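Take a look at the structure below.
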Amino acid sequence: MDLIKVFPSHEALAQAVAEDIAACAQDAIARRGRFAIALSGGSTPAPLFDALASPPFRDRIAWDRVYVFWCDERSVPPDHPDSNYGQARARLLDRVPIPPAQIHRMQGELDPHAAADAYDRLLHGFFGAAAPGEPQPRFDYVHLGIGADGHTASLFPGTEALAAADPDRWVVANFVPKLHTWRITLTAAAINAGRRVVFMVEGAGKAHTLAAVVQGPPRPDDLPAQRIRPVAGRLVWMVDEAAAARLALD
Ligand code: 6PG
């Protein structure tokens, strides 16, 4: 079974995920000299970003060794309120000493195919050739949420990105009919190459979906979050008690 950690409140969850990121960053920097993290959007990470931008986490992380990427982006410019980059920038990146050249956003203001192509090239340039036996792109940490419909990143139920089969294609444009919009997203295979992949889930509104994704029968087209299975990494679910309400826990 996956590792599931339950916390009593959204605040406690945010502190615990911040601690998890800080510890992973320290370890990655000690071993490999850098920490590459892919962030997500939505409302769940807001208190996490605030925690990372505040003591003690702000001062524990060697921000000059941190490289920030995104799991997905909406089709909006970076200063739009819906921009995943914009949220992370306002709540976290503008408040910590990270070199701007180490922040790599998806360009939501461009044609989504062009933006996906550009980000795919950027990731190939950053990660380079795979070491023998190592999957790529080898993010040290992939931070994910889930939607009540079972999506993660911008891998929505029944959408074309779920069929992305080229292992060398890590980023795709994905049309989401129910939102009448394009998204830019990492593929499931790209996420599954990460060393540590952490879902952060909070609130009673996610309880049913969380139980279906983690403990229900396989329905990977309806519940794309079930496609997340790191091939050589660790999958961790960090959730609050409200979200965990329908899980069968030991
Ligand atoms: C996005 C995300 C998305 C998010 C979930 C959960 O751009 O919307 O990256 O996958 O993680 O939709 O969002 P909430 O935290 O708002 O429920």
Side-chain angles (χ1 to χ4, degrees), residues 2 38-46 69-78 80-88 105-120 123 137 139 142-167 169-194 197-230 235 237-239 243 246:
D2 302 331
L39 301 176
S40 288
S43 58
T44 307
F69 300 86
W70 273 265
C71 294
D72 71 322
E73 187 55 277
R74 291 101 183 268
S75 289
V76 295
H80 190 282
D82 292 343
S83 165
N84 288 345
Y85 160 79
Q87 171 181 229
R105 70 178 181 89
M106 292 173 166
Q107 298 172 87
E109 71 277 26
L110 300 185
D111 165 78
H113 293 96
D117 288 351
Y119 211 68
D120 195 68
L123 290 184
F139 289 107
V142 182
H143 174 85
L144 294 169
I146 59 170
D149 63 356
H151 80 260
T152 190
S154 281
L155 301 168
F156 283 78
T159 55
E160 277 188 21
L162 303 188
D166 177 355
R169 180 75 205 206
W170 302 337
V171 189
V172 295
N174 193 27
F175 187 69
V176 184
K178 77 179 221 184
L179 302 176
H180 308 289
T181 189
W182 287 88
R183 296 281 186 96
I184 306 155
T185 186
L186 297 184
T187 63
I191 293 169
N192 285 335
V197 180
V198 178
F199 280 95
M200 179 182 183
V201 188
E202 62 97 16
K206 303 274 177 73
H208 183 81
T209 309
L210 180 63
V213 168
V214 178
Q215 295 176 337
R219 290 164 50 213
D221 288 339
D222 298 335
L223 298 170
Q226 286 187 336
R227 292 175 178 265
I228 304 310
R229 296 259 127 216
L235 179 65
W237 291 87
M238 299 182 74
V239 309
R246 288 171 176 264

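Here the structure is a predicted model, which means the values were calculated and not measured.
Between Q87 and P45, the shortest heavy-atom distance links the atoms NE2-CG, 4.5 Å. In terms of heavy-atom proximity, A193 sits nearest to P137 at CB-O, 3.4 Å. The nearest pair of heavy atoms linking V213 to A225 is CG1-CB, 3.8 Å. The two atoms that bring D72 and G41 nearest to each other are OD1-N, 4.2 Å, heavy atoms only. The minimum heavy-atom distance between P224 and F156, with the atom names listed, is CG-C, 3.6 Å. The two residues G194 and P230 have their closest heavy-atom pair at O-CB, 4.2 Å.
At least one donor-acceptor pair under 3.5 Å links the side chain of R74 to the backbone N or O of D82. Put simply, the side chain of N192 gets close to the backbone of R227: a donor and an acceptor are under 3.5 Å apart. Remark: the backbone N or O of S40 is not paired with any side-chain donor or acceptor of N84 at under 3.5 angstrom. In this structure a side-chain-to-backbone donor-acceptor pair under 3.5 Å is missing from E160 to A173. Side-chain atoms of T152 come within 3.5 Å of backbone atoms of G145 as a donor-acceptor pair (strictly under, hydrogens ignored). Using a distance-only test at 3.5 Å, with no hydrogens or angles considered, a donor-acceptor pair links the side chain of Q226 to the main chain of R219. Panel note: side chain E73, backbone R105; no donor-acceptor pair is recorded below 3.5 Å.
For the atom pair CH2 (W182) and CG (D111), the distance works out to 8.0 Å, reported to the nearest 0.5 Å. From C71, atom SG reaches atom CD1 of I184 across 13.0 Å, with rounding to the nearest 0.5 Å. Summarising the geometry, atom CE belonging to M200 is positioned 12.5 Å from atom CD1 belonging to I146; distances are rounded to the nearest 0.5 Å.
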### Task
Take K206 and V239 through the test side-chain contact (heavy atoms from CB on, under 4.5 Å) and record every step on the way to the result.
CA-CA 10 Å; K206 303 274 177 73; V239 309; over 6 Å; no
### Query
Please walk me through it: do L210 and R246 pass side-chain contact (heavy atoms from CB on, under 4.5 Å)?
CA-CA 8 Å; L210 180 63; R246 288 171 176 264; over 6 Å; no
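Between V172 and T185, the closest side-chain pair of non-hydrogen atoms falls below 4.5 Å. Within the 4.5 Å cutoff, no side-chain heavy atoms of R183 are placed close to those of P112. Taking 4.5 Å as the limit, some side-chain heavy atom of L162 sits within range of a side-chain heavy atom of L155. V142 is not listed as a side-chain neighbour of I228, based on a closest heavy-atom distance of 4.5 Å or more. A 4.5 Å side-chain heavy-atom check between T159 and H151 finds every atom pair outside the cut-off. Here the side chains of D149 and K178 are in contact, with some heavy-atom distance below 4.5 Å.
Salt-bridge annotation for R169 and D166: absent, with no side-chain N of the basic residue lying under 4.0 Å from a carboxylate O of the acidic one.
Classified by interplanar angle (parallel below 30°, tilted 30° to 60°, perpendicular above 60°), the ring pair F199/W237 is parallel. Using bins of under 30°, 30° to 60° and over 60° for the plane-to-plane angle, the ring pair F69/F139 lands in the perpendicular bin.
Heavy-atom contacts from other residues, nucleotides or ligands closer than 6.0 Å to CD of E109 number more than 12.
With hydrogens and angles left out, the side-chain atoms of S154 and N174 include no donor and acceptor closer than 3.5 Å.
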